[in-house]
There are 2 protein chains.
Amino acid sequence: MLAQQRQAAILDRVRATGGVRVSELAAEYGVSDMTIRRDLEALADRGLLAKVHGGATTVSPGSAHEPGFAAKSVRQRDEKAAIAMRAAALVSPGDAIALSAGTTTAELAQRLVDVPSLTVVTNSIPVADVFYRGGRPDQTVVLTGGTRTPSDALVGPVAVAAIGTLHLDLLFLGVHGMSERAGYTTPNLMEADADRALVQASERLVVLADHTKWGTVGISSIVPLSRADVLITDSGLDEEARTLLSETVPELVVVNPQ
Amino acid sequence: MLAQQRQAAILDRVRATGGVRVSELAAEYGVSDMTIRRDLEALADRGLLAKVHGGATTVSPGSAHEPGFAAKSVRQRDEKAAIAMRAAALVSPGDAIALSAGTTTAELAQRLVDVPSLTVVTNSIPVADVFYRGGRPDQTVVLTGGTRTPSDALVGPVAVAAIGTLHLDLLFLGVHGMSERAGYTTPNLMEADADRALVQASERLVVLADHTKWGTVGISSIVPLSRADVLITDSGLDEEARTLLSETVPELVVVNPQ
DNA sequence: TCGAGTGTGTTCGAAATAGTTCGGTTCCCG
DNA sequence: CGGGAACCGAACTATTTCGAACACACTCGA
């Protein structure tokens, strides 16, 4: 594989899933860690991504503040991957599903490109990209309309109206926070609106949230905890939260990363 | 094997697989590395592929939508640029405009990123990208929903419905063909639907079509020639067509490239 | 037959790419 | 807050690739 191609592929991946790990890329492309680091360095020099400890993330002009955050988001990739893997098992050929915006749902998307006759509705441009590039011809991908948020989600009245005309079997909802009091939350008012419309349009709701989301409260509530039919999280969640959630959510699934 | 044949084969291969290696081609065609390099250089000079260390890739490595979009946007670049420049003059700060999908409208988009308080509705992901990357904070960009065509346009019932709820001052419509009998046409049924919805939603219609579009008939008609309020084309158009159009279209604008 | 033009091969120093080692840093977890 | 594991980047080496320059073979028209 050409170095150039490898770099382009890495960039695609970063954009689709929000982050990559050096070790993961090295194994995948069969080159040394150092080579991957040099690739990341080259891409970072051109401002196409941001290097962090352990890998790289998308360059986010807005949230350049908290230094630990970006590094952490890369490190939770194992959790996200495990959650996505489990979520993918809920999908059957021919289903009509919805995917909200978010890095976990983007990860899930990559595991769904091989499902036959799938219909996917999403308000996330990166998620649509994953299917567009790697999907099967018998899959249908519908992008909802709307205006674009910094995280590449489409939101606003146009998005809500578009979603309102559709009816899906299953919604996979990625959230930014979950707590007993506020339920599932996001930091963006418009995105919460779009997410709520997705919930309305779907028969069943599957929430994807790694353990770090517990206790985090975004400005805007989407729905209460109990509204989810299934909640998939990872084993990093403490005992107390696990008990509370298992009493609140009809089906709580806890996965073990790696 | 003739050099010409070899180059054509190389080009096919690059387009099919996304990238080739010098060493691989040299072995395959039984010629020296240097000869392959010279072939690649010749192809790269014509903008048909991109040379990289070790081989060559498609012109826009990393984005898989090469065949639909990037390849075509080189053709008639001067004409398109001149048309886009003239079209941009029709836009005022604060306007709410729509841009259809197409290379000419993408060109126009680049000239509109500095217009204050502009609201832009488009069903083209590349056009939305232009504003997202280079636009002003006081601009609003609305992407219509829908499924994605090979040329990165969003079409289908979702797109039509989303467009139907909106009302714009001005629509810039890029077309694939125009003729007296068929009017403005595109090669894609669904795209024609979306375009027609855009026409419905807009107060005024400005069609952008370089002279090569004249006489070309796509499978699907959008609207008749006379439906346009303004048609902007270039001076490559022959006298006969010019006369006919000036009698049919309320306002015919002919620009001189360069 | 000559000579220009084209296509190809070879040689060789420079540049790009990739692997390894190693000392230092960062981060996680108890 | 301390130990251990993972990670980082600099430095060095080996390999591959690049491109300029020159040489050779062939074609074609004068």
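What you are looking at is a predicted structure, and each value in this text was computed from that prediction instead of being measured. Numbers restart at 1 for each chain; the letters A, B, ... are given by sequence-line order, proteins then strands.
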Residue met sooner reading DNA chain D from 5', once B:Ser23 and A:Val22 are mapped to nucleotides: A:Val22
Can you list the residues that meet the side chain to side chain donor-acceptor pair (under 3.5 Å) rule with A:Arg6, with sequence neighbours excluded? A:Asp39
By salt bridge (Lys or Arg N to Asp or Glu O under 4.0 Å), A:Asp152 pairs with (sequence neighbours left out) A:Arg148
Mind jotting down which residue pairs meet the side chain to side chain donor-acceptor pair (under 3.5 Å) criterion with at least one end in residues 220-235 of chain A? Sequence neighbours excluded, please. A:His211-A:Asp234, A:Ser235-A:Asn256
Whole-Å gap separating C1' (C:dA16) and CD (A:Gln7): 12 Å
What is the separation between atom CG on A:Leu2 and atom P on D:dT17, rounded to the nearest whole Å? 10 Å
Length of the line joining B:Gln5:CD and C:dT8:P, which is rounded to integer Å: 11 Å
Among all residues two or more places apart in sequence or in another chain, which pass the side chain to side chain donor-acceptor pair (under 3.5 Å) test with A:Thr147? none
Separation of D:dA6 C1' from A:Glu24 CD (nearest whole Å): 16 Å
Report the residues that fulfil salt bridge (Lys or Arg N to Asp or Glu O under 4.0 Å) with A:Arg13, sequence neighbours left out, ordered by chain and then residue number. A:Glu24, A:Glu28
Sequence-distant partners of A:Asp210, salt bridge (Lys or Arg N to Asp or Glu O under 4.0 Å), two or more places apart: A:Lys80, A:Lys213
Between B:Arg21 and D:dT17, is there a contact of a side-chain N or O with OP1 or OP2 at under 4.0 Å? yes
The complete set of salt bridge (charged side-chain N to carboxylate O under 4.0 Å, His left out) pairs with one or both residues in residues 187-202 of chain A, sequence neighbours excluded, reads A:Asp193-A:Arg196
Go through D:dG9, C:dA16, D:dC7 for me and flag the one nearest to the A:Lys51 side chain. D:dG9
Write down the distance between CD (A:Glu79) and C1' (C:dC28), rounded to a whole number of angstrom. 12 Å
Find the distance B:Gln4:CD to C:dT6:C1' and express it as a whole number of Å. 12 Å
Looking just at side-chain N and O atoms, do B:Thr149 and B:Ser151 make a donor-acceptor pair shorter than 3.5 Å? yes
Indicate yes or no for a side-chain donor-acceptor contact from A:Gln110 to the backbone of A:Val130 under 3.5 Å, with no hydrogens or angles considered. no
To the nearest 0.5 Å, what is the distance between CG on A:Asp238 and CG on A:Leu244? 10.0 Å
Distance, rounded to the nearest Å, where B:His53 contributes NE2 and C:dA14 contributes P: 16 Å
Got a sec? Which of residues 30-46 of chain A come in under 4.0 Å of DNA chain D, heavy atoms? A:Met34, A:Arg37
Under 4.0 Å between any heavy atoms, over every strand shown, what does A:Gly236 touch: base, sugar-phosphate, or nothing? Just pick one. nothing
Restricting to salt bridge (Lys or Arg N to Asp or Glu O under 4.0 Å), what partner residues turn up for B:Arg136, sequence neighbours left out? B:Asp138
Report the nucleotide, chosen from C:dT8, D:dC7, C:dA18, that has the shortest atom-to-atom distance to any side-chain atom of A:Ala3. C:dA18
Computed from five pairs at either end and rounded to 10 degrees, the angle between the axes of the helix from C:dT1-D:dA30 to C:dG30-D:dC1 is 40°
Residues two or more places apart in sequence or in another chain: which of them pass side chain to side chain contact (heavy atoms under 4.5 Å, CB included) with B:Met34? B:Ser32, B:Arg37, B:Arg38
Tabulated below should be each protein N or O lying under 3.5 Å from an N or O of nucleotides 13-15 of chain D; please produce it.
none

